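These notes are about the structure you will find just below.
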Amino acid sequence: MSGNGAVWGRVRGRLRAFPERLAACRAEAAAYGRCVQASTAPGGRLTKDLCVQEFKALRSCFAAAMSPQCVCCPQEPSAILMCHSSQKAKTTPRGGL
């Protein structure tokens, strides 16, 4: 089971990089949080798909931040932000070109 240590090393590396990479999604996380908070305020009502646009933006940001292209420099947040920005630029809306 000596190969098991290499697997755990990769897993630990990904877990350590996780918070740094997801920091690139602050704006999307804040927008989703504001939407949920507004709908759960007194008089508000949280229903399914109420914040779907904000959730989709957050989910795509997380996916871009965790993509293998962003793995290159986990210690350098600016590289992650650049990777995140380039991932956003590459995506096209549904029905797009």
Side-chain angles (χ1 to χ4, degrees):
M1 291 214 288
S2 62
N4 209 8
V7 171
W8 283 112
R10 286 193 305 268
V11 169
R12 278 192 298 273
R14 288 182 191 151
L15 287 175
R16 279 189 209 111
F18 193 74
E20 293 172 357
R21 290 188 190 165
L22 297 186
C25 301
R26 283 182 213 139
E28 291 85 351
Y32 180 64
R34 279 191 301 273
C35 180
V36 170
Q37 182 182 22
S39 61
T40 58
R45 189 165 180 188
L46 184 62
T47 58
K48 184 179 183 213
D49 295 335
L50 184 64
C51 301
V52 71
Q53 292 296 86
E54 292 85 353
F55 178 76
K56 285 181 179 180
L58 181 58
R59 184 176 63 184
S60 69
C61 181
F62 282 171
M66 296 308 294
S67 71
Q69 291 86 2
C70 294
V71 174
C72 62
C73 308
Q75 292 81 16
E76 185 59 46
S78 61
I80 295 163
L81 289 172
M82 290 185 332
C83 177
H84 173 66
S85 299
S86 68
Q87 289 291 329
K88 273 187 174 178
K90 290 179 187 176
T91 60
T92 57
R94 280 195 172 147
L97 299 173

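The structure presented is a predicted model; accordingly, all values stated were derived computationally and were not measured. In this chain, residues are counted from 1 in sequence order.
Annotation for Leu46 and Ser39: closest pair CD1-OG, 3.1 Å, computed over non-hydrogen atoms. Contact detail for Cys61 and Ala24: the closest heavy-atom pair is SG-O, 4.1 Å. Residues Cys35 and Leu50 come closest through the heavy atom pair SG-O, 4.2 Å.
Within the structure, every pair that satisfies the ring pair (Phe, Tyr, Trp, His ring centres under 6.0 Å) test and touches residues 15-42, not counting sequence neighbours, is listed here: Tyr32-Phe55.
Judged by distance alone, with hydrogens and angles left aside, the side-chain atoms of Arg14 form no donor-acceptor pair with the main-chain N or O of Val11 at under 3.5 Å.
Atom NZ in Lys56 sits 8.0 Å away from atom CG in Asp49 (nearest 0.5 Å).
Cluster annotation: Trp8 and Leu15 are assigned to the same hydrophobic cluster (Ile/Leu/Val/Met/Phe/Trp/Tyr, side-chain heavy-atom contacts under 4.5 Å, transitive).
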